[in-house]
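Whatever order the structure lists them in is the order used to number ligands and atoms, beginning at 1. For the numbers below, each heavy atom of this structure counts, side chains included, while hydrogens, waters and symmetry mates do not.
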Amino acid sequence: MSNADFEKILETSDEWIHSRTGMRERRYAADGQASSDLATEAARHALERAGLAATDIDCYIVATVTPDYQFPATACIVAANLGAVGKAAFDIEIACSGFIYELPMAASFVRSGVFRRVMIIGVETLSRIMNFDDRSTCILFGDGAGAAIVERTPVESDCFLACELGADGKNPELLYVEAGGSRHPMTAEKLAHKKDKVEMSGREIFKYAVTKMVETSRNVLDAAGLTLGDVDWMIPHQANLRIIEAAAKRLEVARERIVVNIERYGNTSSASIPIALSETIERGRIRDGDVILFTGFGGGLSWGSIAWRWSA
Ligand code: COA
């Protein structure tokens, strides 16, 4: 779905969208394709790259706000699709911070010995919950999936250096879907008013995002005993190029160390960081021992950063 495609259905322009967001296009799942289908595909790629079978993974975690069903968990369906019936599987829902929350969770599972290997997946089919009359929101989001496998390494090469996660649920309506939950069950009236679609206060989120990315990035580097000069790659949540650039400017991170792919995918929520990570690996750019700073934020509001030493 390109900016030109939006020009056909909305009062907007490629120039406005690109200059305000850095986006040129985003991907939408085909009719009939659900989040579990995209997640299964991403998981297969991760297994292939790791040279593992689906049954080598002890636990599957999916982060999504667009599950196949209200329940059961999409992760159960993904594990079954892969032929890993019997393995642990569950979803988490923390909007665009999904991967930022999943990674420390997986690291804690393998550190504590609960599981040897954990697959973490971020997946969204946000095109299904966009209000295409709301031009300031619908242009931002895309569909996608990314997956990573976290496994136990010897203690002396522990890769999980530090993390900080946080949330503030005082104003959930800053970024939410109002109807369909226990607070406002779906009614014909809610549907008629498109209350089954995303609503967002873009400006407030923008300010919050920059502040939290900067604050948590500094805190995790401090906790890990590192400085920004030690960071080889900063992989931020891809919500808006201006948010990324504003945070990078305050942190004084050089542009060439920041992974940005927002131009092609838009904001894919919990999938954005693993997609960006995957593309950087494919280009052969991440080397063993590199320090990666993951940072993100999203609905909740929620946020977090992680310092991670890469070990393939
Ligand atoms: N095309 C053309 N004009 C548009 C438009 C579009 N797609 N969307 C909004 N506008 C208009 C508005 O109506 C407004 O017009 P007005 O001044 O006549 O009222 C004008 O552009 C400016 O709107 P504003 O909301 O101030 O723009 P902005 O510079 O804040 O950019 C966002 C809007 C949504 C791109 C920006 O606030 C943002 O990215 N926020 C963060 C959202 C986010 O990342 N959410 C996900 C978190 S995980």
Side-chain angles (χ1 to χ4, degrees), residues 1-26 63-66 92-102 122-127 129-144 146 165-169 171-177 197-217 235-249 260-263 265-276 294-305:
M1 183 80 180
S2 67
N3 292 350
D5 292 325
F6 274 117
E7 284 175 356
K8 291 179 203 145
I9 59 168
L10 286 171
E11 189 64 42
T12 192
S13 65
D14 174 56
E15 197 282 326
W16 192 96
I17 299 174
H18 190 255
S19 64
R20 302 290 175 118
T21 69
M23 298 170 192
R24 289 273 188 215
E25 54 195 48
R26 61 294 289 142
T64 187
V65 296
T66 45
I92 67 160
E93 194 279 272
I94 188 72
C96 300
S97 306
F99 192 80
I100 289 281
Y101 269 65
E102 280 180 312
V123 61
E124 300 296 355
T125 44
L126 294 164
S127 59
I129 57 166
M130 284 302 123
N131 174 357
F132 287 97
D133 295 330
D134 177 359
R135 64 178 181 171
S136 61
T137 303
C138 70
I139 49 123
L140 297 174
F141 296 95
D143 300 344
L165 307 175
D168 174 355
N171 302 106
E173 67 286 351
L174 286 174
L175 178 50
Y176 80 150
V177 174
K197 307 296 185 202
V198 173
E199 291 174 63
M200 183 183 72
S201 304
R203 273 193 199 166
E204 282 88 337
I205 303 268
F206 193 110
K207 280 182 243 155
Y208 222 90
V210 176
T211 309
K212 287 298 173 189
M213 280 165 77
V214 171
E215 189 181 295
T216 57
S217 293
I235 305 190
H237 170 46
Q238 312 280 312
N240 184 322
L241 182 61
R242 284 159 55 217
I243 293 178
I244 296 172
E245 285 176 343
K249 192 171 167 201
V260 178
N261 64 9
I262 197 166
E263 196 172 59
Y265 304 115
N267 179 349
T268 56
S269 187
S270 58
S272 90
I273 291 179
I275 292 173
F294 297 102
T295 180
F297 60 89
L301 298 175
S302 59
W303 58 83
S305 292

Please list, in number order, the atoms of ligand 1 under 4.0 Å from a heavy atom of [X].
X: Ala239; result: 44 (O)
X: Cys96; result: 48 (S)
X: His237; result: 48 (S)
X: Arg242; result: 29 (O)
X: Ile205; result: 43 (C), 45 (N), 47 (C)

Look at [atom] and say which protein heavy atom is nearest, naming residue and atom and giving the distance to 0.1 Å.
atom: atom 27 (O) of ligand 1; answer: Arg20 NH1, 3.4 Å
atom: atom 26 (O) of ligand 1; answer: Arg203 NH2, 2.4 Å
atom: atom 45 (N) of ligand 1; answer: Met200 SD, 3.1 Å
atom: atom 10 (N) of ligand 1; answer: Trp16 CZ2, 3.4 Å
atom: atom 11 (C) of ligand 1; answer: Arg135 NH2, 3.6 Å

Is at least one protein non-hydrogen atom found at under 4.0 angstrom from [atom]?
atom: atom 34 (C) of ligand 1; value: yes
atom: atom 16 (P) of ligand 1; value: no
atom: atom 7 (N) of ligand 1; value: yes
atom: atom 19 (O) of ligand 1; value: no

Taking [X] for the side chain and [Y] for the main chain, is one N or O donor matched with an acceptor at less than 3.5 Å?
X: Glu204; Y: Phe206; answer: no
X: Asn3; Y: Met23; answer: yes
X: Asn267; Y: Leu140; answer: no
X: Glu102; Y: Ala63; answer: yes
X: Glu124; Y: Ala271; answer: no
X: Arg24; Y: His18; answer: no
X: Ser97; Y: Ser302; answer: yes
X: Asn131; Y: Asp133; answer: yes

What part of [X] sits under 4.0 Å from ligand 1 if we count only heavy atoms: the side chain, the backbone, both or neither?
X: Ser136; result: both
X: Asn240; result: side chain
X: Thr137; result: neither
X: Leu10; result: neither
X: Phe6; result: neither

Q. How about Asp143 and Leu126: do any of their side-chain heavy atoms sit closer than 4.5 Å?
A. yes
Q) With a 4.5 Å limit on heavy-atom distance, are the side chains of Phe141 and Met130 in contact? A)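 Contact flag for Phe141/Met130 side chains = yes.
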**Q.** For the student: nearest non-hydrogen atoms of Phe6 and Cys138, plus distance
**A.**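 That closest heavy-atom pairing would be CZ-O, 3.5 Å.
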Q | Heavy-atom closest contact (Ser305 atom, Met213 atom, distance) | A |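 Ser305 and Met213 have their closest heavy atoms at OG-O, 4.2 Å.
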Q. Should we say atom CD of Glu11 is surrounded by more than 12 heavy atoms from elsewhere, each under 6.0 Å from it?
A.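 Counting other residues, nucleotides and ligands, CD of Glu11 stays at 12 neighbours or fewer.
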Would you check whether [X] has a nitrogen or oxygen atom less than 3.5 angstrom from a nitrogen or oxygen atom of ligand 1?
X: Gly202; result: yes
X: Asn267; result: no
X: Thr12; result: yes
X: Ser13; result: no

(Q) Considering Trp303, Phe297, Phe141 one by one, which has a heavy atom nearer to atom 47 (C) of ligand 1 than any of the others? (A) Phe297
Q | Verdict with reasoning, Lys212 to Glu215, per salt bridge (charged side-chain N to carboxylate O under 4.0 Å, His left out) | A | CA-CA 5 Å; Lys212 287 298 173 189; Glu215 189 181 295; 3.2 Å; yes
